[in-house]
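Numbers for residues simply follow the sequence, beginning at 1. Ligands are counted one by one from 1 in listed order, and the atoms in each one are counted from 1 as well. Since we're looking at a predicted model, the values are computed, not measured.
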Amino acid sequence: MKELFTLEGKNAIVIGGAGGIGAAIAEAFAFYGADVSIASRKMENLLQTKDNIKKSTGKDVSVYTVDASKEESIIALVDTVLADKDHIDILVNSQGYNVKYHITELPVEIMEGMMNVNVIGIAMLCKHFGKHMKDRGYGRIINVSSTRGSRACLGGNASYCTTKGALDMLTRTLACDLGPEVTVNAIGPTNTVTPMMEGLIKEHPEILHLGDDKPLQRIGRVEDCMGPAVFLASEAAGFVTGQILYVDGGMTAIG
Ligand SMILES: NC(=O)c1ccc[n+]([C@@H]2O[C@H](COP(=O)([O-])OP(=O)(O)OC[C@H]3O[C@@H](n4cnc5c(N)ncnc54)[C@H](OP(=O)(O)O)[C@@H]3O)[C@@H](O)[C@H]2O)c1
C-alpha cells in the first residue's frame with residue numbers, strides 16, 4: 001500500500017517552484033522520489049531553492065527560466081525540458097500573484113497581467129505539457145488555485161478572485177479534455193505565509209489571525225500543501241480528476 005503514494009520514477013516540473021507554495025511542493029515531490037524540475041523567471045531564486053532542496057532531501061533539482069505569461073516562452077521551456085528529461089509525468093502550476101485594486105479604480109493592464117499569469121499562461125502550459133502527456137498516455141496536472149476561486153472577499157480582490165474562479169473552471173474543463181490519460185486537479189489554499197504575503201502581513205498583521213475563527217484555528221503554512229500535492233500526483237489519486245482540494249483548515253466548510 002505504501003507504493004500508492006510513491007513518486008519514484010516520475011518526472012515532475014513545478015512552475016513557480018521557487019515561490020513559497022511551489023518550493024514546498026517541489027521539496028515534497030523530491031522527498032517522495034520524483035525527479036524534480038522547477039521553473040520561474042528569476043534564476044537566482046531558482047538556484048536558492050535548488051540549494052535548499054538539496055540540503056533537506058539530498059536530491060538534485062533541475063532549474064529552468066520561463067515567463068509563464070508568454071506562450072513562446074512556454075513552448076521554449078517545454079522543448080528544453082523534454083530534450084533534457086525525455087518526458088514529464090507531473091506538472092504543477094504554482095505561479096500566480098495578486099495586485100489589489102477596488103473595482104472602481106482597477107487599471108485594465110493590472111487585470112490583464114493577472115489573467116495572463118494566473119489563467120492564460122496556465123492554460124498554455126497545460127496545452128503543451130498536456131498534449132505531451134496525453135500522447136504518452138499518462139499525466140498528472142495540479143493547479144494551485146485558492147479559496148478565493150469560490151469565496152469572494154472585500155479588499156480589492158475582484159481581479160484575483162476572478163482569475164482563481166477561472167482557474168477552477170479551467171481545471172474542471174481540462175479534466176474533460178485531457179482525460180482519460182491525464183488527471184487535472186487543483187489545490188485551493190487559504191491565506192498562507194509565503195513571500196507573496198510578506199508585504200501584506202507587514203501592512204496588515206491582523207491577517208495572521210484570520211484563521212482564529214475557522215475549524216483548525218490558524219492560517220496556512222506552506223507545508224500544508226505538501227501532502228495534498230503528493231496525493232494528487234500519486235497513484236492514490238488515480239480516479240480523482242476535475243476536483244478542487246481545499247487546503248484551508250475548514251474555511252470553505254463553514255462559509
Ligand atoms: N500565499 C497565499 O496566501 C496563497 C493563498 C491561496 C493561493 N495562493 C496561490 O498559490 C500560488 C503560489 O503562491 P505563493 O504564495 O507561493 O507565491 P510566491 O511565493 O510569490 O510564488 C509565486 C511564484 O510564481 C512565480 N511567477 C510569478 N509570475 C511568473 C511568471 N510570469 N512566469 C513564471 N513564474 C512566475 C514567481 O517567480 P518569479 O517572480 O521569479 O517568476 C514565484 O516563484 C499562487 O498561484 C497564489 O495565487 C497563495
Ser146-ligand 1 polar pair, N/O distance under 3.5 Å: no

Cationic N near anionic O, under 4.0 Å, Lys214 to Asp248: no

Any side-chain donor near an acceptor of the partner, Asn143 and Asn93, under 3.5 Å: yes

Heavy atom of the protein closest to atom 8 (N) of ligand 1 (residue, atom name, distance): Tyr160 OH, 3.5 Å

For Val117, the ligand 1 atoms whose distance to one of its heavy atoms is below 4.0 Å: 28 (N), 31 (N)

Cationic N near anionic O, under 4.0 Å, Asp224 to Arg218: yes

Interfacing atoms of ligand 1 (cut-off 4.0 Å, heavy-atom, Thr190): 3 (O), 5 (C), 6 (C)

Those atoms of ligand 1 less than 4.0 Å from some heavy atom in Val144: 9 (C), 10 (O), 11 (C), 45 (O)

Lys/Arg cation over aromatic Phe129: Lys134, 6.0 Å, 45° cone: no

Beyond-backbone contact of Val144 with Ile25, side-chain heavy atoms, under 4.5 angstrom: yes

Side-chain H-bond candidate by donor/acceptor type, Asn52 with Gln48, under 3.5 Å: yes

Short N or O distance, Asn45 and ligand 1, threshold 3.5 Å exclusive: no

Atom 26 (N) of ligand 1: nearest protein contact (heavy atom, Å): Gln95 CB, 3.8 Å

